[in-house]
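This report concerns only the one structure given below.
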Amino acid sequence: MIELDVRDEKAYELAKEWYDDVVFTKKLVLDRSPDYGKLKAELKELREKYGKVALLLITKKPSLIREVKNKHLKALIYVQGGNLRINRFALESKVDALISPELGRKDSGLDHILARLAAKNNVAIGFSLAPLLRANPYERANILKFMMRNWRLIEKYKAPRFLTTSAENMWEIRAPRDLMSLGIALGMDIPQAKASLSFYPEGILGRLEK
Amino acid sequence: MIELDVRDEKAYELAKEWYDDVVFTKKLVLDRSPDYGKLKAELKELREKYGKVALLLITKKPSLIREVKNKHLKALIYVQGGNLRINRFALESKVDALISPELGRKDSGLDHILARLAAKNNVAIGFSLAPLLRANPYERANILKFMMRNWRLIEKYKAPRFLTTSAENMWEIRAPRDLMSLGIALGMDIPQAKASLSFYPEGILGRLEK
Amino acid sequence: MSERPKTLPPTLRDKQRYIAFQVIGERAFKKDEIKRAIWDASLKTLGELGTAKAKVWFIKFDEKSQTGILRCDRKYVEEMRFALTMLTQINGSKAIVRTLGVSGTIRRLKMKFLKDFGWK
Amino acid sequence: MSERPKTLPPTLRDKQRYIAFQVIGERAFKKDEIKRAIWDASLKTLGELGTAKAKVWFIKFDEKSQTGILRCDRKYVEEMRFALTMLTQINGSKAIVRTLGVSGTIRRLKMKFLKDFGWK
C-alpha cells in the first residue's frame, strides 16, 4: 500500500511503519516565481532523506503551475484544489495530481467536464482525510458530501484517483485499511478503495523514475 | 389515524387536531390494590371528558395486573414494560397492550417466546416515541436498537402493534406522518407504519365498545 | 468572480426532494435559528456521514407563518423526517417540527402544502 | 434476580462481528476513556440512528498493550471503521485508533490479531 501525500517528518516515520511506500510532500505557497536554484537544492536534499518527493503547489496564479511543471524538478507535482480556475488549469497542465478539489468551497470543485479532462490528461484526483479531521461536524458533513460527488464523477469518467491522509502531523496518519474506510464511505467498493492505495499510486510513482 | 396513548390534557388537545381519534391514558402506579370505587369514578369522569380512556398500570407486582383486568373498568388496560416478569405476566393476562417492553432495560425486554405469546393472546406491543425524546444520545441509540429488535420479533410472529408518542406533555406530540418515520426507522415499511397508526389501533379500540 | 462548476448531466445529478415543514414552539423562531436546528437535528440523529448522504440543505423559512422548506436526497426523506421528529428544542426553547409534505419541486411543494400558510 | 430474555433462534439473532483495535496516543488511556470514545465516535459520525443500526458494543480494552475489542453488526463494520478513522482525540488527548482485524468470534480475533499484543 502507498501513501502519496505526507507532509511532515514525524508523520512520514509513522507512515513508513504502516505503508510499503510513502511520498514526502513539500508545500510551496507561490504568488510569484520561486528561486528555482534554491528549490532544486531543497528537493535534492529531501530526495536524499525520503527518496520519493512531491511538490504541492498552493497558488492563485495558474501560470505558475505550468512554469514549475516545465522545470522538470524530479518531484511529483501536485496542485492544491479549491479554486475552480486553478483546478481546471492544473488538469490542463497535466500535473501529477489535483488534491481536494473541494477544499474550502461551497460546491465540489469538479464537474463532468473537469472529470473527463482529468481522465484524458491522466491527472489523479487526491481524496484527502486530513481536511475532514480538522473540520467541525457541520463542515465534515459538507466536505464528505462534496467528496462523494467527486468520487461519482471520477468513477464515471475513469479518471485516476488515490486516497491519502495529506497528513501535516503524525496524528493525521491512519493505517491503510482504515484509510480505505474513507473511500468506502464515499461510495467506493473494497476493491476500488484498495486500488486507490495501490494500483493508481503505483501508476503515479512510475512517472517519478522517468 | 389514531393516537392510543396520550397522558396529558394539553397534549390531548394538540393530538385531537392531528389525529382522527385519541385515547387519554391515566397512569396508575400500584404497589397494592387500589380503591376501585374511587378509580371507577375517576375513569367515568375521564370518559365523559375524553371519550376513550386507557389505564396504564405501572407496577412490580404481577398479581395486580390480573386483578385490575378482571374489574372490567370500561377502559383499555395497558401495562408499562421494563421488568421481564411484568412483561410476561401482562402478555399472559391478555391485557390490551404492553408499552415499551425495553424501558430502562439493558436488553429489548422481549424474546421469541414472548413475541409468540403476544400474538397468541392478541396483546399489542406499543412502540413509544417519548422515552426517546427524553433520552440523551447514548440512551437514544440503545433504546432505538432494542426497539428495532422488538419490531423484528413482532413482525416475525405477527403480534399486534402500534406506534404512539405516549406523550406526557404537548411538546411530546408529533403529527401522524412524522410518528410513522419512527416506525420506518425501526425497520417498518410505509404500509406497516401506517397500519401501526390505523389498522391495529382500530382493532384495539374495537374492544372498548364491547 | 467566483466560478461555479457546470450543472451536471441529469444521470449524474443528485435526485433531491423538497420538504415543507411547520414549527410549533414556545416562541416564534428566527430563520437562522431554524437553519441551525435543522443541521443540528440531522447531525445528531444521522451523524456526519448520514448528513452527508442525506445532502440536507436549508432553503427558506417564513418567520410570519413559522413554516419553511428544506431539501434532501430522495433516498433520505424518511431519515430526515425522523431527525426532525426527534428534535425537541430549538436554541433552548421547546419546539415541535411537523412536516407538511414532500415534493420534487419547490413550486409544487408551495402549491400543495404551503398555500394556507400564505406562501405565494 | 434480573431475568433476561431467552437467546433468540439463529435466524433472528443479530449477525455480529468483532473488531480488534490498537490505540496510539499522546498518553496511555484507561478502559473507561476508550469505551466512552468509541460511543462518542459512533454517535458523532453515524448519529443516534446509525449507532443503533451498527449495534456497537465495547467488549474489552487491555491498558497494558492499549489494544481492545469492540463488537458491531456485520453490515456496519466499514461504517464503524470510518467512525474510528475520523476520531482525532480521546478525552482531550491526541490519539489514533488503528483497526487490526475483524472476525466472527472473539477467540479467532485474539488468535489472528491480538497474539503479538500479549492477549491469551
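Every chain is numbered from 1 and lettered A, B, ... according to where its sequence line falls, protein lines coming before strand lines.
Residue C:E48 holds its CD atom at 14.0 Å from NZ of A:K145, rounded to the nearest 0.5 Å.
No more than 12 heavy atoms of other residues, nucleotides or ligands shown are found within 6.0 angstrom of NZ on A:K194. Environment of NZ in A:K26: crowded, with over 12 heavy atoms of neighbouring residues, nucleotides or ligands closer than 6.0 Å. Within 6.0 Å of the CZ atom in A:R116, the count of heavy atoms belonging to other residues, nucleotides or ligands exceeds 12.
The choice from A:N83, A:N142, A:N87 that makes the most heavy-atom pairs within less than 4.5 Å of chain C is A:N142.
Of the residues C:T51, C:L43, C:D40, the one that meets the side-chain contact (heavy atoms from CB on, under 4.5 Å) test with A:P137 is C:L43.
When every heavy atom of A:R105 is checked against every heavy atom of C:E3, the shortest pair comes out as NH2-O, 3.1 Å. In this structure, C:P5 and A:G109 approach most closely via the heavy-atom pair CG-N, 4.2 Å. Closest approach of A:L144 to C:A52, counting heavy atoms only: CB-CB, 3.5 Å.
Contacts between residues 7-23 of chain C and chain A, counted as heavy-atom pairs separated by less than 4.5 Å, involve C:T7, C:L8, C:P9, C:L12, C:D14. Residues of residues 53-82 of chain C lying under 4.5 angstrom from chain A, judged on non-hydrogen atoms, are C:K53, C:K55, C:V56, C:W57 in numerical order.
Side-chain atoms of A:D111 come within 3.5 Å of backbone atoms of C:K6 as a donor-acceptor pair (strictly under, hydrogens ignored).
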